[in-house]
Amino acid sequence: MASQYWEPMQLSLTITAAAGLIVIISGTFLGHFFAKKTFKGKMLVETILMLPLVLPPSVIGFLLIVIFGNQSIIGEWMKAIFGQSIIFTWYAAVIAATVVAFPLMFQTAKAGFYGIDRTLEEAAKDLGANRWLVFIRVSIPLAKKSLVAGSILSMARALGEFGATLMFAGNIPGVTQTVPTAIYMAIDSGNMTMAWLWVVSMMLLSFFLLFFVRVRE
């Protein structure tokens, strides 16, 4: 029972860590870019980036299959790199978790960078700092609270991802079976003991992640 319990847990945590790293880096940079820049079509691009937050998981899973499937250019390119289609692989689970978690990080980071007093950034530039140094030494520290909150919330979302992962990555034990999909299968097979163990574990993890966000406020 121990191995049956830990395998999906370890896989979920690994996928969450990988997706979280991608989301935190991309969300921070894009959040900063959209907070500071104005260009034609900005609202349209932002709306597209936020779509995974409101789209049904089945729609996200379907679109990921279309985008990364064997019939697409991206799918063929990735098949050439990995030697096989990434659908129903660990990489697919990471992509699905990344897509659904990204909007939370992006929106929170953008709000954090919006709230920065721009005179402080301009002062750093006047003292000779380039854009990169201003971003690292001034912008990120000033938006730290929002960035931490966005990071935790997006990782919590990645940890709980189910629908898109099930469609795009499948439910292969030891490969793509995360805790949410394992709970679904446990209930379907009548194994309520394992289902409860995973449910309680997920509730505790989610509680502590959200509690940490509240403490940081």
Side-chain angles (χ1 to χ4, degrees), residues 1-24 26-27 48-69 74-75 78 85-108 149-213:
M1 180 178 288
S3 61
Q4 184 183 359
Y5 168 81
W6 279 111
E7 195 171 71
M9 285 294 298
Q10 291 174 342
L11 189 59
S12 284
L13 293 174
T14 303
I15 290 172
T16 298
L21 181 63
I22 297 170
V23 165
I24 291 168
S26 61
I48 294 173
L49 292 175
M50 292 298 294
L51 266 179
L53 193 63
V54 296
L55 283 176
S58 56
V59 174
I60 298 174
F62 173 81
L63 292 175
L64 289 175
I65 291 173
V66 171
I67 294 171
F68 294 97
I74 296 177
M78 298 196 78
S85 173
I86 65 166
I87 297 178
F88 303 126
T89 65
W90 183 84
Y91 301 103
V94 173
I95 292 172
T98 299
V99 169
V100 300
F102 173 81
L104 287 171
M105 183 65 203
F106 169 71
Q107 186 63 26
T108 309
S151 300
I152 295 172
L153 290 174
S154 59
M155 290 186 72
R157 179 65 185 89
L159 181 65
E161 164 51 27
F162 171 72
T165 300
L166 185 62
M167 285 191 66
F168 185 47
N171 182 40
I172 306 171
V175 180
T176 63
Q177 188 181 67
T178 58
V179 173
T181 55
I183 291 172
Y184 174 80
M185 294 304 297
I187 294 173
D188 189 57
S189 63
N191 190 350
M192 297 304 294
T193 300
M194 290 306 303
W196 270 113
L197 285 173
W198 285 317
V199 166
V200 171
S201 297
M202 291 293 283
M203 290 178 65
L204 288 173
L205 280 172
S206 299
F207 173 83
F208 283 116
L209 286 172
L210 291 176
F211 183 76
F212 184 75
V213 172

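Computed from heavy atoms alone, side chains included, the values below leave out hydrogens, waters and symmetry copies.
Between Ala169 and Ala93 the shortest heavy-atom distance is CB-N, 3.5 Å. The two residues Gly163 and Pro57 make their nearest non-hydrogen contact at CA-CB, 3.6 Å. Across every non-hydrogen atom of Ile187 and Ala195, the tightest pair is CG1-CB, 3.9 Å. Contact detail for Thr181 and Leu166: the closest heavy-atom pair is CG2-CD1, 4.1 Å. Pairing each heavy atom of Gly174 with each of Leu11, the nearest pair is C-CD2, 4.4 Å. Smallest separation of non-hydrogen atoms from Pro180 and Met202: CG-CE, 4.2 Å.
Considering only heavy atoms from C-beta on, Pro52 comes within 4.5 Å of Val99 through its side chain. At a threshold of 4.5 Å between non-hydrogen side-chain atoms, the residues Met78 and Ser85 do not count as touching. For the pair Ser154/Phe102, no side-chain contact is recorded, criterion being any heavy-atom separation below 4.5 Å from C-beta on. Annotation: side chain of Val100 is not in contact with side chain of Phe162 (no heavy-atom distance under 4.5 Å). Within the 4.5 Å cutoff, the side chain of Thr176 has no heavy atoms near those of the Phe88 side chain. With a 4.5 Å cut-off on side-chain heavy atoms, Asn191 and Gln4 count as touching. Between Met155 and Leu209 the shortest side-chain heavy-atom distance does not fall below 4.5 Å. Within the 4.5 Å cutoff, no side-chain heavy atoms of Thr16 are placed close to those of Glu161.
Between Ser151 atom OG and Phe212 atom CZ the span is 10.0 Å, to the nearest 0.5 Å. Summarising the geometry, atom CD1 belonging to Ile60 is positioned 13.5 Å from atom CD1 belonging to Ile95; distances are rounded to the nearest 0.5 Å. Taking OG1 from Thr89 and CD1 from Ile172, the interatomic distance works out to 8.0 Å, rounded to the nearest 0.5 Å. Taken from CD1 in Ile65 to CD1 in Ile87, the straight-line distance is 5.5 Å, to the nearest 0.5 Å. Here Trp6 contributes atom CH2 and Leu197 contributes atom CG; the two are 10.5 Å apart, rounded to the nearest 0.5 Å. The CG atom of Leu159 sits 13.0 Å away from atom CD1 of Ile152, with the distance rounded to the nearest 0.5 Å.
Under the 30°/60° scheme for interplanar angles, the aromatic rings of Phe168 and Phe68 are found to be tilted.
With hydrogens and angles ignored, the 3.5 Å screen pairs no side-chain donor or acceptor of Thr108 with any backbone N or O of Met105. With Ser12 contributing its side chain and Met9 its backbone, the two residues share no donor-acceptor pair below 3.5 Å. For Trp198 (side chain) and Ala182 (main-chain N/O), no donor-acceptor pair under 3.5 Å exists by modelled atom type.
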For this session: Kindly determine whether Leu153 and Leu210 satisfy side-chain contact (heavy atoms from CB on, under 4.5 Å), including the steps that lead there.
Result: CA-CA 7 Å; Leu153 290 174; Leu210 291 176; 3.6 Å; yes
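Annotation: side-chain hydrogen bond (donor to acceptor under 3.5 Å, both in side chains) contacts of Gln177 (sequence neighbours excluded): Asn171.
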